[in-house]
Trainee: 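Below you will find the structure I want to go over with you.
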2 protein chains.
Amino acid sequence: MAINFQDKCRELGISPSITRKKIYEFLDECKTHPTADEIYRKLVVSLPTLSKTTVYNVLSLFLEKGLVEIINTEATEKRYEISNHPHSHFHCKECHQLFDVPKISIMYNKDKMPGFQVSKEEIYLIGICPSCSKKI
Amino acid sequence: MAINFQDKCRELGISPSITRKKIYEFLDECKTHPTADEIYRKLVVSLPTLSKTTVYNVLSLFLEKGLVEIINTEATEKRYEISNHPHSHFHCKECHQLFDVPKISIMYNKDKMPGFQVSKEEIYLIGICPSCSKKI
DNA sequence: GTCCTTGCAAAGCGTTTGCACAGAA
DNA sequence: TTCTGTGCAAACGCTTTGCAAGGAC
């Protein structure tokens with residue numbers, strides 16, 4: 001983990017409980033943009049009393065504090081990621097995995113969008129990932 | 001409607017029933033990227049026997065045939081739009097409306113994404129829309 | 001007759017809420 | 001004591017499925 005979780009919590013005024021730490025660490029290490037259920041299933045092994053409610057509680061706290069973000073997807077379930085590194089997303093049509101790819105810069109003409117104040121840009125690419133390319 | 005719905009259906013090998021026609025027309029006219037429920041509530045006025053199941057059936061047929069697309073959002077409910085005109089999306093943080101904005105072109109270095117074959121690009125801007133800008 | 005469209009009812013699934021218990025301050 | 005973190009159980013909302021009735025051909 002790049003920045004100490006305890007320090008982040010202190011900054012944000014929340015307590016660094018073991019549950020929160022494990023959820024944060026898992027999100028930080030995990031490359032698969034997990035759903036709440038995936039986080040739960042992974043962590044319940046080492047935290048046997050963990051409940052899904054707690055996962056939801058912690059994720060909603062993290063969202064509020066800006067520690068994590070929800071990724072826009074077509075699906076109804078929500079996927080989460082740590083909001084610390086700028087990047088774009090690539091969705092594979094074959095295996096439906098969601099990959100991180102280097103941040104893509106965009107260019108737009110502000111004159112064509114009068115009055116719209118842009119504070120964030122998200123780029124989502126769709127196609128075939130390297131390993132699926134080989135299979136086809 | 002730019003292209004005749006009957007003709008599109010003939011091309012795709014599906015029958016242009018009145019229900020399908022109305023759903024297609026509403027999606028085509030509607031600028032708000034409606035959910036299935038919004039489509040239902042709007043159309044049940046003129047089609048009193050309409051059920052939500054039918055709305056879902058028709059949307060899923062349209063998706064399969066490529067007539068409509070699902071828009072990636074943070075929310076759990078799905079939003080639909082006719083897939084005929086290239087454009088990007090703008091989400092207002094204040095009023096949570098989803099706007100169409102002119103298609104934004106992107107530039108990316110393919111060398112940084114070895115093996116990834118991109119077939120589609122989606123750009124999603126977040127910020128404050130013109131009318132909310134005035135209110136603040 | 002068959003095939004397709006429609007729609008009621010129920011199930012499914014991810015998420016949120018109500019509430020209570022336990023531990024920390 | 002109060003406040004906070006946790007978690008069971010139930011409710012909730014959107015979507016999907018099973019199945020049957022009605023219509024087109």
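Numbers restart at 1 for each chain; the letters A, B, ... are given by sequence-line order, proteins then strands.
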Trainee: Side chains of A/His87 and A/His89: is there a donor and an acceptor less than 3.5 Å apart?
Mentor: yes
Trainee: Would you please confirm or rule out a distance under 4.0 Å between OP1 or OP2 of D/dC8 and any side-chain N or O of A/Thr53?
Mentor: no
Trainee: Let me know the distance between CD of A/Glu38 and C1' of C/dT15, rounded to the nearest Å.
Mentor: 15 Å
Trainee: Figure out the NZ/P separation between B/Lys52 and C/dA10, and round it to whole Å.
Mentor: 16 Å
Trainee: Taking the six-membered ring for Trp and the single ring otherwise, decide whether the centroids of B/Phe116 and A/Phe99 are under 6.0 Å apart.
Mentor: yes
Trainee: Which is true for A/Thr35 with a 4.0 Å heavy-atom rule: it touches a base, it touches only sugar-phosphate, or it touches nothing?
Mentor: nothing
Trainee: State whether B/Thr76 places a side-chain N or O below 4.0 Å from either non-bridging phosphate oxygen (OP1 or OP2) of C/dG14.
Mentor: no
Trainee: Under a 3.5 Å cutoff, is there a donor and acceptor pairing between the side chains of A/Ser133 and B/Gln117?
Mentor: yes
Trainee: Is any side-chain N or O of B/Ser15 under 3.5 Å from a base N or O of C/dC4, one able to act as donor and the other as acceptor?
Mentor: no
Trainee: Send over the distance from A/Ile14 CD1 to C/dA25 P, rounded to a whole Å.
Mentor: 15 Å
Trainee: Would you kindly give the CZ-to-P distance between B/Arg20 and C/dC4, to the nearest whole Å?
Mentor: 10 Å
Trainee: Is B/Asn57 touching bases, backbone alone, or none of the nucleic acid, heavy atoms closer than 4.0 Å?
Mentor: base
Trainee: Rounding to an integer number of Å, can you tell me how far A/Tyr40 OH sits from C/dT15 P?
Mentor: 14 Å
Trainee: D/dC8 base to A/Ser51 side chain: any donor-acceptor pair below 3.5 Å?
Mentor: no
Trainee: Within the 4.0 Å heavy-atom criterion, would you say B/Ser17 contacts the bases, only the backbone, or no part of the nucleic acid?
Mentor: sugar-phosphate
Trainee: Please state how far atom CD1 in B/Ile39 lies from atom P in D/dT15, giving the value in whole angstrom units.
Mentor: 10 Å
Trainee: Rounding to a whole Å, what distance do you find between B/Leu43:CG and C/dG7:C1'?
Mentor: 15 Å
Trainee: Looking at C/dT5, C/dG14, D/dG18, which one has an atom nearest to any side-chain atom of A/Glu77?
Mentor: C/dG14
Trainee: Counting the atoms with a prime plus P, OP1 and OP2 as sugar-phosphate, which does A/Thr49 contact under 4.0 Å by heavy atoms, base, sugar-phosphate, or nothing?
Mentor: sugar-phosphate
Trainee: Compare side-chain N and O positions of B/Tyr56 against OP1 and OP2 of D/dT16 and report whether any pair is under 4.0 Å apart.
Mentor: no
Trainee: Supply the atom-to-atom distance A/Leu43 CG to A/Glu25 CD, rounded to the nearest 0.5 angstrom.
Mentor: 9.5 Å
Trainee: Answer yes or no: does atom NZ of A/Lys112 have more than 12 heavy-atom neighbours from other residues, nucleotides or ligands under 6.0 Å?
Mentor: no
Trainee: So does B/Lys78 get a side-chain nitrogen or oxygen closer than 4.0 Å to the phosphate oxygens (OP1/OP2) of D/dG13?
Mentor: no
Trainee: Whole angstroms only, please: what is the CG-C1' distance between A/Asp37 and C/dT16?
Mentor: 15 Å
